[in-house]
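Numbered from 1 within each chain, the chains take letters A, B, ... in sequence-line order. The model shown is predicted, which means the values in this text are computed figures rather than measured ones.
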Protein chains: 2
Amino acid sequence: MARGKIQIKKIENSTNRQVTHSKRRNGLFKKASELTVLCDAKAWHLCDPNAEKVFKALNKAGVNFDTRLRPLLRALNCDHRFDALAVSAEERALNCDH
Amino acid sequence: MARGKIQIKKIENSTNRQVTHSKRRNGLFKKASELTVLCDAKAWHLCDPNAEKVFKALNKAGVNFDTRLRPLLRALNCDHRFDALAVSAEERALNCDH
DNA sequence: AGCACTATCTATAAATC
DNA sequence: TGATTTATAGATAGTGC
């Protein structure tokens with residue numbers, strides 16, 4: 001791109017790799033949030049207590065949903081599927097027999 | 001972009017919205033996989049039984065990790081954090097007391 | 001370790017088939 | 001409805017500070 005085309009393979013120089021990672025990651029987030037707005041991804045069901053449990057577990061694990069995953073999942077139309085996941089986690093907890 | 005600049009707000013025409021969604025989603029996946037390769041995201045720890053449980057739960061919920069989320073999570077360096085999530089889920093199951 | 005610049009590359013909006 | 005084209009907007013590699 002830019003001042004010269006690059007091949008899509010691992011960047012061996014670690015400094016360049018880190019710089020590229022930072023730049024492209026920001027670009028990825030921007031595009032994800034644009035897609036979310038343009039295509040009207042529906043709101044998250046944070047009011048759903050089952051979903052809330054999963055989000056809390058993710059936060060506890062260090063995954064910041066709001067800033068890192070939410071716009072991406074929205075853009076990919078994956079967000080509503082996490083409701084199903086939340087239910088699945090809930091069922092697993094209820095079926096725990098030890 | 002392209003043949004005219006657009007504002008980042010909901011595309012009201014549903015046909016255009018769908019077309020844009022499809023195009024931009026593909027672009028997002030492409031950029032995510034490029035970033036994964038360029039910046040050498042490390043491999044998933046699928047051999048980890050704790051992580052495996054989470055992946056299975058996600059698949060059961062209809063989230064196709066391999067095609068939808070894995071390249072994105074890799075690109076975002078979130079993948080290793082899912083190991084922590086897996087452990088968290090495991091602990092929660094073990095601490096289930098009813 | 002950022003942040004700015006900018007020439008160049010890539011993504012894509014609209015058009016066309 | 002879906003594929004292809006193309007002109008333009010947007011992203012970014014290399015650079016300098």
Asker: Base of C:dT12, side chain of B:Arg3 - is there a donor-acceptor contact under 3.5 Å?
Answerer: no
Asker: Give the nucleotide from the list D:dT12, C:dA13, C:dA11 with an atom nearest to the side chain of A:Arg24.
Answerer: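 From the listed options, D:dT12 comes nearest.
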Asker: Just compare D:dG10, D:dG14, C:dT10 and give me whichever is closest to any side-chain atom of A:Ile6.
Answerer: D:dG14
Asker: Can you tell me the distance, in whole Å, between the CD atom of B:Glu34 and the C1' atom of D:dT12?
Answerer: 11 Å
Asker: What is the distance, rounded to the nearest whole Å, between atom NZ of A:Lys5 and atom P of D:dT12?
Answerer: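 After rounding, the reported distance stands at 16 Å.
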Asker: Whole-Å distance between D:dA13 C1' and A:Gln18 CD?
Answerer: 16 Å
Asker: Could you check whether any side-chain N or O of A:Arg17 sits under 3.5 Å from a backbone N or O of A:Glu12, counting only pairs where one atom can act as donor and the other as acceptor?
Answerer: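 Yes; judged by distance alone, with no hydrogens or angles, the pair exists.
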Asker: Measure from CD1 on A:Ile8 to C1' on C:dT10 and round the result to the nearest Å.
Answerer: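 My rounded result for the distance is 10 Å.
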Asker: Could you check whether any side-chain N or O of A:Arg24 sits under 3.5 Å from a backbone N or O of B:Leu35, counting only pairs where one atom can act as donor and the other as acceptor?
Answerer: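 No, the answer is negative, given that no donor and acceptor are paired below the 3.5 Å cut-off.
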Asker: In whole Å, I'd like the distance from the CG atom of B:Leu38 to the P atom of C:dC9.
Answerer: 16 Å
Asker: Closest to the B:Lys23 side chain: C:dT12, D:dA13, D:dG10?
Answerer: C:dT12
Asker: Let me know the distance between CZ of B:Arg17 and C1' of C:dT12, rounded to the nearest Å.
Answerer: 18 Å
Asker: Any side-chain heavy-atom pair from B:Asn26 and B:Ser22 closer than 4.5 angstrom?
Answerer: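 Heavy-atom side-chain distance check passes, below 4.5 Å.
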Asker: Can you tell me if the side-chain N/O atoms of A:Lys31 get under 4.0 Å from OP1 or OP2 in D:dG10?
Answerer: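 A:Lys31 to D:dG10 OP1/OP2: no side-chain N or O under 4.0 Å.
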Asker: Between A:Asn16 and B:Thr15, who's closer to the 5' end of DNA chain D by nearest nucleotide?
Answerer: B:Thr15
Asker: Rounded to the nearest 0.5 Å, what separation is found between the CG atom of B:Leu38 and the CD1 atom of A:Ile8?
Answerer: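 One gets 4.5 Å once the value is rounded to the nearest 0.5 Å.
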Asker: Just N and O in the side chain of A:Thr20: are any of them under 4.0 Å from OP1 or OP2 of D:dA13?
Answerer: yes
